[in-house]
Protein chains: 2
Amino acid sequence: MARTVSERSDVLPLLAEAFREHGYEGASLALIGEATGLGRGSLYHFFPGGKEEMASAVLGEIEAWFETNIFRVLRTAEHPENALLQTLDATEEYFRSGRRICLVGAFALSDTRDRFSLSLRRYFSEWRAALEFALSKTGETPAEAATHAEEIVLSLQGALVLARALDDPGIFSRAIGRVRSRLPKARTKRRGGAPRLP
Amino acid sequence: MARTVSERSDVLPLLAEAFREHGYEGASLALIGEATGLGRGSLYHFFPGGKEEMASAVLGEIEAWFETNIFRVLRTAEHPENALLQTLDATEEYFRSGRRICLVGAFALSDTRDRFSLSLRRYFSEWRAALEFALSKTGETPAEAATHAEEIVLSLQGALVLARALDDPGIFSRAIGRVRSRLPKARTKRRGGAPRLP
DNA sequence: GTCTATAGATCGATAGAC
DNA sequence: GTCTATCGATCTATAGAC
């Protein structure tokens with residue numbers, strides 16, 4: 001009987017899936033209880049602030065994941081062309097090739113936007129800024145990099161919307177493929193060739 | 001006292017704004033009552049099926065607007081290049097240059113997706129198909145037109161997500177500008193010019 | 001730390017007066 | 001046609017046993 005989840009961080013992925021599937025309002029505590037296998041008592045033990053704190057924690061974990069696996073990689077990469085490709089792969093995997101929606105994007109279109117506006121803002125602006133930084137390091141002008149970065153984020157988000165609406169994950173895969181093909185080609189030390197990866 | 005709205009169709013735009021602002025779950029009947037100035041009795045008189053019928057009717061009106069002002073224009077245009085520009089203008093105006101979200105896209109990312117899946121599917125696939133048809137009439141190959149159409153719809157949707165999250169309508173305007181600039185150039189009878197609209 | 005029971009508010013929907 | 005009153009269900013959050 002005595003379930004030993006014992007770690008708040010163990011609950012977060014389950015919470016995230018519940019919010020992704022039902023939205024903030026749609027994810028009732030009864031539903032969250034089912035998804036996590038925890039009773040109300042346990043949930044309020046881990047998240048005294050209730051549902052709002054649950055969603056906030058989930059957003060925090062998402063931001064942390066992107067910071068580690070996407071943003072930081074783009075900002076600190078020695079070879080930005082490779083970092084761009086690598087983070088696109090990670091992004092495709094994260095969204096399960098279009099079968100998983102972006103919770104941050106979904107929140108942005110719902111009335112929970114105001115409640116978490118700071119998180120949403122930070123997530124998208126950091127993403128855009130990290131891409132912009134890497135793209136400018138590949139030789140794009142500041143204006144090109146800014147536009148290009150914005151277009152990448154926007155394409156991925158739009159692809160997730162469309163993939164969901166049309167129930168066709170392929171839309172997301174195709175969109176990521178186009179983003180990939182429009183990336184600046186890697187310049188390697190041995191000049192003159194048209195190499196792919198070092 | 002005796003309010004004389006008397007037309008179901010007069011209520012639809014107010015309903016649409018309520019759903020856009022609060023989402024399906026978030027738009028309670030109390031809120032809808034405020035937004036429309038109608039009591040529960042009147043609302044259930046117009047929409048015996050309750051909230052679901054209200055949302056369904058709103059989706060229907062949205063589809064009808066796009067069918068008239070976008071899809072049909074694209075399918076029946078004599079000069080597809082001009083039709084593409086014209087419908088992009090109409091689209092920009094419809095979404096208030098990025099200050100208004102797409103209710104269909106928002107529903108697609110929420111858990112109401114399943115409830116209205118047919119409407120969502122139809123809306124996006126008709127939009128995509130109409131664009132594809134017009135683009136192929138401009139001389140794009142079937143493959144090019146299919147990809148291009150998908151990318152336009154997806155860019156607009158993604159731009160609306162990003163514009164909302166970052167509270168920056170300019171993102172949508174810029175995205176529409178890029179879509180416009182990538183359209184096939186209009187071939188006119190008086191050749192050599194760079195005409196805008198007929 | 002986890003549970004059940006339940007309070008208090010709000011939900012969608014209905015009934016019936018006018 | 002429009003209103004108010006109200007039902008039963010469901011919601012978030014809390015209390016208290018174990």
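Note that these values count all heavy atoms, side chains included, but never hydrogens, waters or copies made by symmetry. The sequence lines fix the lettering, A, B, ..., with proteins before strands; numbering per chain opens at 1.
Legend: residues meeting side chain to side chain donor-acceptor pair (under 3.5 Å) with A:Arg122, ordered by chain and number and at least two apart, are A:Glu63, A:Ser119. Residues that satisfy the salt bridge (charged side-chain N to carboxylate O under 4.0 Å, His left out) test with A:Glu151, not counting sequence neighbours, are B:Arg178, B:Arg182. Residues passing the salt bridge (charged side-chain N to carboxylate O under 4.0 Å, His left out) test with B:Arg121: none are found, sequence neighbours excluded. Checked against side chain to side chain donor-acceptor pair (under 3.5 Å), A:Gln86 has no partners two or more places apart in sequence or in another chain.
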Under a 4.0 Å heavy-atom criterion, the protein footprint on nucleotides 12-18 of chain C, written with B, S and -, is BBB----
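The CG-C1' distance, from B:Leu43 to D:dG1, rounds to 12 Å in whole Å. D:dT12 atom C1' lies 17 Å from atom NE2 of A:His22, rounded to whole Å. Rounded to a whole Å, the CD atom of A:Glu53 is 16 Å from the C1' atom of D:dT14. Distance CZ (B:Phe46) to C1' (D:dT2): 9 Å, rounded to an integer number of Å. Note: CD (A:Glu7) to P (C:dG1) measures 10 Å, nearest angstrom. Put simply, CG on A:Leu31 is 17 Å from C1' on D:dA13, counting in whole angstrom units. Following rounding to the nearest Å, A:Phe47 (CZ) and C:dG1 (P) show an atom-to-atom distance of 14 Å.
The aromatic rings of A:Phe71 and A:Trp127 sit tilted, their planes meeting at an angle between 30° and 60°.
Listed by first then second residue, pairs satisfying side-chain hydrogen bond (donor to acceptor under 3.5 Å, both in side chains) with a partner in residues 157-172 of chain B number zero, not counting sequence neighbours.
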